[in-house]
Undergrad: 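I'd like to ask some things about the structure below.
Naming: A, B, ... by sequence-line order, numbering from 1 per chain.
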Amino acid sequence: MCLTKQLIPLLSSCRNKSTLSKLHSLLITSGLLNQRSSATKLIASYAQNGDIDFARQVFDKLPQRGVDAWNAMIVAYSRMGFATEVLGLYWKMISEGIKPDSSSFTMAIKACTSLCDLEMGEKIWHQAVDYGYKNDAFVGCSVLNLFTRGGKMIEAKTVFEEIKRKDLVCWTTMVTGFVKNGQGIEAIEVFREMRKQGMEGDGVVMLGLIQACTDIGDVKMGVSVYAHMIRRNLPIDVLIYTSLVDMYAKNGHLGLAYSMFCNIPQKNAVSWSALVSGYAQNGFAGEALELLIEMQRVGCKPDLASLVSALLACSHVGYLKKGKSIHAYILRRQELKHVSATAVIDMYSKCGALSSARVVFDMISGKDVILWNAMISSYGIHGHGIAALSVFQEMIKTNSNPDDATFASLFSALGHSGLVEQGRYWFDEMRNTFKIEAKEKHYACIVDLFARAGKVEEALDLINSMKVHDHGISIWGALLSGCHNHKRYSIGEMAAKKVLQLQPDDSGIYSLVANFFASVKKWKEVAEVRKAMREVGMKKVPGYSMVEVKGKLHAFLMDDKSHYQYKQMVNMLEKLDHEMRAMGYVPKTEFVLHDLEEEVKVTMLSNHSERLAIAFGLLNTEPGTKLVITKNIRVCGDCHEAIKYISKIVDREIVVRDVKRFHHFKHGVCSCGDYW
DNA sequence: TTAGGGTTAG
C-alpha cells in the first residue's frame, strides 16, 4: 500500500516513456496493477505521453475495471479529440454493467457535440437524467454546449435553469451560446443575471460580452466592458484585443480598429486577420490587400482565415490577378477545401471568371451546403438561371440538404432569368417538401421575381398574403423596383411611400425611390427623399468603378479630372457619344438624382465612373480584349443603355459588375435583357 | 469555456 502511495505521484508526473515503462514493470512485479488508482494513473500517463494505443492495451488487459479506469481511458480519447472512440467506450461500459458517473456523461456528450450528433447527445443526456445527474454542473454544461452548438437555445436555457450550483463556466457557456447564435441581447441579459447573483466575471465572459456588443452594434458598451476590465485589473490578452479590433472593424470604425490593433503587444495571425477582414468587409479592398503584404513583411505567416479575407477583398474590387495568385498559394499549401474553396469560387465568379469558378467547384469532393450555395449564387449573379437550377438539382440528387440560403440564391437566380414558373414551383417545394419556413428574404426574392417579370399585381397579392410584421424594406423595395422598370406608377407610388415610411438606413434604396419619382418627374417628392436621407443622416455613397488592365487595378470616381489620361478618356467618350446618338441613343436623364438643368444632367451622366473606366480600358488594351468593370453601387439605367451601344460600336465584350450582379454586354445587347 | 475567415435579397 505504501509503495502505491509513492508510485502514484511518480506516475502522474512522469513525462518520459522509458521511465514510465520501468514504473509499469514495477507495478506488475509487485502485483499492484490491479489496484484501481494505480491502473488509472498508468493509463492517463501513457496517454499523456502520446502513446494512446499502448494506454488502450493496458486498459484492455486490466482484470478488474472500475468506473475510474473507464473514465481515464475515455478522458484520454477525449483529450486527443477521438470522439468516436469515446462513444465506443461509453456504450461498451454500459453494456458491461458499469455505472457511468458525471465525468463519463460529460465526456460522452462532449463527443456528441464534436460529432454534431445532436440526437445521440440528447439520448445520453436522458440517460444522465435517469441516473440522477439532472442538476450536475459538469454534465449540464456539456449539454448546454451541445444545445447551443445545435442552435437549440430554448432547450439550452431550460437545462441551464435546472443546474443547481452554477459555476462560472456554466454562466460563460450560456453567454457565449447566445453570442454564437446571434442573440447578443440575450447574452448580455444572462451576464446581468450572473452579476445579480454575485458572480464575478473573468476574461472569458468578457470576451463573450465584447462579441455580443460587436453583434448588436453597441460599440459604446463594448468599450465599457474594456474599461471595466482595466478597472478590475483583469489581464487584457491578445484575445481581448483582437475581439476589440473585430468589434470596431465590423461596425465600420476602421481608424479605432487600427489603433487598437497597434496596441497589441504580441500580434498573431488572428489579430492581423481581424483587421484584414475588417477592411475587406467595409469595402477597403486595397488596404486589406496591403495589410496582407505588410503582415508577411513583418514575418507573420498568413493563415487560411487571412487569405480568405484577402480573397474577399479581391472579390470586392474585381482584382482577378491577385485573386488567382492567392488561389495558387492556397493550392501549394494544399489547403483548398471548404471555407477556402468557397472563397476562391466566390472570387472567380465575382471577378467575372465563372468557368474557373466551376472548375474549382468540380474539383472539391465532399461539398458542404455553403459550397453548393456559392456555386448556385455564382450562376445567379451572372444571369444563368438554368445553370443555377441544374446545380441545385444536382445538389438534391447527392442528398445534400439545401438550407434557407440555398433557396434565397436559387430564387434570385431564377428571378433574374425570368424563370417565373420555376420560381413559383420551388417556392412551394421549399415550404412543403423541404419544410423550410419562408422568411422575409425569400418573399423579397419571389416578389422581385414576379415584379421583375411585370407581374406587379401578383407580387402585391403575395405581399398581402404575408404576415404584416414581415413587410420589410426589402419586400417593398423589390416591388418598387419592378414598378419602376415596367412603368407601373400607381402601385409604384404606394410602394415608394411604404419604403419611405420604414426609414431605411441604406442610401441605395433611397436612390431607387428618388429615381422612381424622378422618372415620373415628381421633383417635389425627389426633394423630399433627399430631405429624408438627410434626416436619417444618410450620405449618398460616392460611386466608383474599377477596371483591371494588364494585371493592375485602376479606380475611377465620377468626373475624376485628376486622372492623367482624363482628356483622352473624355475625348473617347465624346466620340462614342456622337456615334451612339446617330444610332438612336437618347440619354435617360431621370437617373440623375438631383433636379438640375437638362444639359448639366447630361454631362454628369457621361462622366459616370463606369464610363471613365470603360474609356480607360478601351484606350489601354488591345482591340477585342474583354473588359471587366466593377462598380461599388448599382450601375445607372442610362449607363446600362449606353454600354449596350458602346459594346456594338467598339465590338467588344464588356462585363460590368455592380453591387450584386453581372451585366454582360455583347453586340449591343445585355444578358439581363431590358432589366437593369 | 477562449479571438479572425466562406454562401444569401433590393
Side-chain angles (χ1 to χ4, degrees), chain A residues 141-142 144-145 148 167-177 202-208 210-211 214 237-247 249-250 264 268-278 280-281 302-312 315 337-347 349 368-378 380-381 403-413 415-416 439-449 451-452 472-482 484 499 504 506 508-509 511-513 634 659-661:
Chain A
C141 197
S142 68
L144 281 186
N145 236 321
T148 57
D167 59 7
L168 187 55
V169 178
C170 288
W171 286 101
T172 311
T173 308
M174 208 57 212
V175 170
T176 48
D202 66 353
V204 185
V205 198
M206 298 303 161
L207 199 63
I210 294 168
Q211 286 177 291
T214 305
D237 59 8
V238 63
L239 280 81
I240 295 289
Y241 278 125
T242 304
S243 299
L244 288 166
V245 169
D246 187 49
M247 175 185 77
K250 284 221 173 84
I264 309 180
N268 58 24
V270 181
S271 340
W272 278 97
S273 184
L275 198 63
V276 172
S277 81
Q281 283 169 3
D303 61 2
L304 257 199
S306 40
L307 293 173
V308 165
S309 300
L311 282 169
L312 182 72
S315 304
K337 49 203 155 195
H338 294 106
V339 178
S340 60
T342 308
V344 170
I345 289 170
D346 181 59
M347 180 278 297
S349 88
D368 67 2
V369 201
I370 303 181
L371 195 81
W372 284 103
N373 293 356
M375 198 62 234
I376 293 171
S377 87
S378 292
I381 58 172
D403 64 4
D404 53 340
T406 315
F407 283 102
S409 306
L410 178 67
F411 297 154
S412 157
H416 285 278
K439 290 190 194 152
E440 187 185 325
K441 61 185 176 190
H442 298 116
Y443 281 109
C445 292
I446 299 293
V447 167
D448 180 65
L449 176 125
R452 192 174 284 275
I473 290 165
S474 57
I475 305 288
W476 294 111
L479 182 65
L480 174 60
S481 170
H484 187 201
V499 169
D506 162 10
I509 197 92
S511 299
L512 177 65
V513 179
R634 247 186 128 158
V659 223
K660 293 275 161 171
R661 67 184 29 263

Undergrad: Step by step, work out the side chain to side chain contact (heavy atoms under 4.5 Å, CB included) result for A/L480 and A/I509.
TA: CA-CA 10 Å; A/L480 174 60; A/I509 197 92; over 6 Å; no
Undergrad: Would you classify A/H338 as touching base, sugar-phosphate or nothing, given that sugar-phosphate means primed atoms plus P, OP1 and OP2, and contacts are heavy atoms under 4.0 Å?
TA: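 Base, at least one base atom sits under 4.0 Å.
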Undergrad: Just checking A/S409: base, sugar-phosphate only, or nothing, at a heavy-atom cut-off of under 4.0 Å?
TA: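 Sugar-phosphate contact only - A/S409 comes under 4.0 Å of backbone atoms but never of a base.
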Undergrad: Looking at every strand, decide which applies to A/Q211 at a 4.0 Å heavy-atom threshold: base, sugar-phosphate, or nothing.
TA: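 Touches sugar-phosphate only.
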Undergrad: Among all residues two or more places apart in sequence or in another chain, which pass the side-chain contact (heavy atoms from CB on, under 4.5 Å) test with A/I264?
TA: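 Here the qualifying residues are A/V238, A/Y241, A/T242, A/V245, A/F261, A/K267, A/S271.
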Undergrad: Any base atoms under 4.0 Å from A/D303, or only sugar-phosphate, or nothing? Heavy atoms, all strands.
TA: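 Counting heavy atoms under 4.0 Å across all strands, the contact made by A/D303 includes a base.
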Undergrad: Answer with yes or no whether the side chains of A/N145 and A/S142 bring together a donor and an acceptor at under 3.5 Å.
TA: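 Per modelled atom types, A/S142 and A/N145 side chains form no pair under 3.5 Å.
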Undergrad: Base, sugar-phosphate, or nothing: which does A/A269 touch, judged by heavy atoms less than 4.0 Å apart?
TA: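 Answer is base: heavy atoms of A/A269 come under 4.0 Å of a base.
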Undergrad: Judged by modelled atom types alone, do A/D246 and A/S243 share a side-chain donor-acceptor pair under 3.5 Å?
TA: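 The criterion, which ignores hydrogens and geometry beyond distance, is not satisfied for A/S243 and A/D246.
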Undergrad: Using side-chain heavy atoms (C-beta onward) and a distance below 4.5 Å, is A/S273 in contact with A/S309?
TA: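 Yes. Closest side-chain heavy atoms under 4.5 Å.
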Undergrad: Going 5' to 3' along DNA chain B, between which two nucleotides do contacts with chain A fall, using a heavy-atom cut-off of 4.0 Å?
TA: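 In short, chain A contacts DNA chain B from B/dT1 to B/dG10.
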Undergrad: Regarding A/I509, tell me which of base, sugar-phosphate or nothing describes its non-hydrogen contacts under 4.0 Å with the strands shown.
TA: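 Here A/I509 touches no strand at all.
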Undergrad: Report which part of the nucleic acid A/D404 touches: base, sugar-phosphate, or nothing (heavy-atom distance under 4.0 Å, all strands).
TA: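 Here A/D404 touches no strand at all.
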Undergrad: List the atom of A/L479, the atom of A/V447, and the distance in Å for their closest heavy-atom pair.
TA: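 Residues A/L479 and A/V447, closest heavy atoms: N-CG1, 3.9 Å.
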Undergrad: For A/K337, report the nucleic acid contact type (base, sugar-phosphate, nothing); a contact means any heavy atom under 4.0 Å.
TA: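 Touches nothing.
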